[in-house]
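Step one of this worksheet: look at the structure below.
Everything numeric here is computed off the predicted structure, so don't read it as measured data. Residue numbering restarts at 1 for every chain, and letters A, B, ... go by the order of the sequence lines.
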Amino acid sequence: MRHWLMKSEPDEFSFEELHRRGREPWTGVRNYQARNFLRQCEVGDLVLFYHSNCKEPGIVGVAKISKAAYDDPTQFDAKSDYYDAKASQEKSRWSCVEVSFHKTLKKPFTLEDLRTDKALRTMLILRPGNRLSVTPVSAQEFNVIAGA
DNA sequence: GCCAACGTTGGC
DNA sequence: GCCAACGTTGGC
């Protein structure tokens with residue numbers, strides 16, 4: 001089993017919203033590196049859910065991959081913000097997964113906490129200019145943040 | 001709203 | 001294939 005970190009702007013889609021809905025297709029990823037990570041996701045993998053672009057950026061909960069990668073339907077939808085004119089049903093460019101609510105952290109693990117913890121120095125999310133919305137996380141890093 | 005650090009696009 | 005221009009992300 002692998003572990004991941006996924007970013008979302010709470011104004012767009014928050015962890016609380018995922019809690020209410022139970023499960024949600026993770027669509028709209030339009031970066032090749034992030035897409036390739038999505039394609040490596042397997043059912044049962046655990047996901048750190050990170051809130052970005054907000055008052056207190058950080059990890060607020062854990063989600064679980066409930067469906068492995070499939071063609072992101074928003075790429076074919078001309079009305080979608082994520083429409084990609086260069087994609088077609090025959091030539092899909094983008095993938096999505098489905099995530100499910102797993103658990104809420106008792107206390108958010110803030111960006112400041114991430115930077116302070118020596119065991120987390122190597123996390124991709126902390127690299128300057130890292131803007132990937134999906135990144136792999138080691139089991140050790142995962143456990144530091146979300147407990148055993 | 002600013003700006004650094006990217007990724008993408010397209011002319012050549 | 002190079003690279004300048006442009007767009008986006010995300011912390012502050």
Side-chain angles (χ1 to χ4, degrees), chain A residues 2-21 23-41 45-65 67-138 140-147:
Chain A
R2 303 191 64 178
H3 301 84
W4 307 95
L5 183 147
M6 294 188 184
K7 288 189 219 174
S8 184
E9 302 190 14
D11 287 347
E12 299 293 323
F13 186 77
S14 68
F15 190 65
E16 293 73 21
E17 187 67 22
L18 178 64
H19 195 176
R20 279 192 291 274
R21 296 194 200 180
R23 51 181 54 207
E24 183 74 7
W26 203 261
T27 58
V29 171
R30 292 295 179 270
N31 171 287
Y32 286 106
Q33 225 184 319
R35 180 202 68 180
N36 293 340
F37 286 138
L38 277 183
R39 290 181 176 176
Q40 294 173 30
C41 290
D45 285 358
L46 295 175
V47 179
L48 299 171
F49 198 107
Y50 181 93
H51 278 168
S52 66
N53 235 333
C54 57
K55 209 164 130 196
E56 189 158 75
I59 292 151
V60 291
V62 180
K64 191 189 269 189
I65 302 291
K67 209 187 252 184
Y70 58 100
D71 289 347
D72 181 345
T74 63
Q75 69 187 311
F76 310 125
D77 180 1
K79 284 174 291 189
S80 167
D81 288 344
Y82 302 116
Y83 176 65
D84 185 344
K86 291 177 185 164
S88 65
Q89 297 283 350
E90 299 75 33
K91 274 198 158 184
S92 166
R93 296 179 110 190
W94 305 109
S95 300
C96 62
V97 297
E98 184 191 80
V99 297
S100 292
F101 174 84
H102 185 61
K103 70 166 185 176
T104 304
L105 293 189
K106 291 191 190 83
K107 187 170 166 291
F109 207 97
T110 65
L111 179 57
E112 206 189 334
D113 295 336
L114 290 172
R115 289 192 173 126
T116 307
D117 200 310
K118 284 182 183 166
L120 303 176
R121 288 267 164 82
T122 55
M123 282 188 75
L124 289 176
I125 185 89
L126 297 179
R127 292 238 309 254
N130 170 40
R131 301 178 308 168
L132 287 180
S133 56
V134 182
T135 49
V137 168
S138 75
Q140 184 206 354
E141 290 162 348
F142 182 89
N143 286 331
V144 170
I145 295 162

task: For A:Arg115, answer base if it contacts any base atom (sugar-phosphate contacts may also be present), sugar-phosphate if it contacts only those atoms, and nothing otherwise; contact means non-hydrogen atoms under 4.0 Å.
output: sugar-phosphate

Polar atom pairs (N or O), protein with nucleotides 1-4 of chain C, under 3.5 Å:
none

- line: Atom CD of A:Glu112 and atom C1' of C:dC12 are separated, to the nearest Å, by 13 Å

- request: Could you tell me whether the side chains of A:Thr110 and A:Asp113 share a donor-acceptor contact shorter than 3.5 Å?
  value: yes

- prompt: Under 3.5 Å, is there a donor-acceptor pair between the A:Arg30 and A:Thr74 side chains?
  reply: yes

- prompt: Should the pair A:Trp26 and A:Phe13 be assigned to parallel (<30°), tilted (30 to 60°) or perpendicular (>60°) ring geometry?
  reply: perpendicular

field: 5' precedence on DNA chain B between A:Asn130 and A:Asn53 (nearest-nucleotide basis)
entry: A:Asn53

message: How close do A:Ser14 and A:His51 get, counting heavy atoms only, and between which atoms?
response: CA-NE2, 3.5 Å

Every protein N/O within reach of nucleotides 7-10 of chain B N/O, cut-off under 3.5 Å:
from, atom 1, to, atom 2, distance (Å)
B:dG7, O4', A:Arg131, NH2, 3.1

- request: Before accepting this row, confirm whether a basic side-chain N of the pair A:Glu17/A:Arg20 lies closer than 4.0 Å to the acidic partner's carboxylate O.
  value: yes

Side-chain H-bond candidate by donor/acceptor type, A:Arg2 with A:Gln40, under 3.5 Å: yes

Gap between atom CH2 of A:Trp94 and atom OH of A:Tyr32 - 0.5 Å precision: 4.0 Å

Closest contact, heavy atoms only, A:Met123 versus A:Leu5: CE-CD1, 4.0 Å

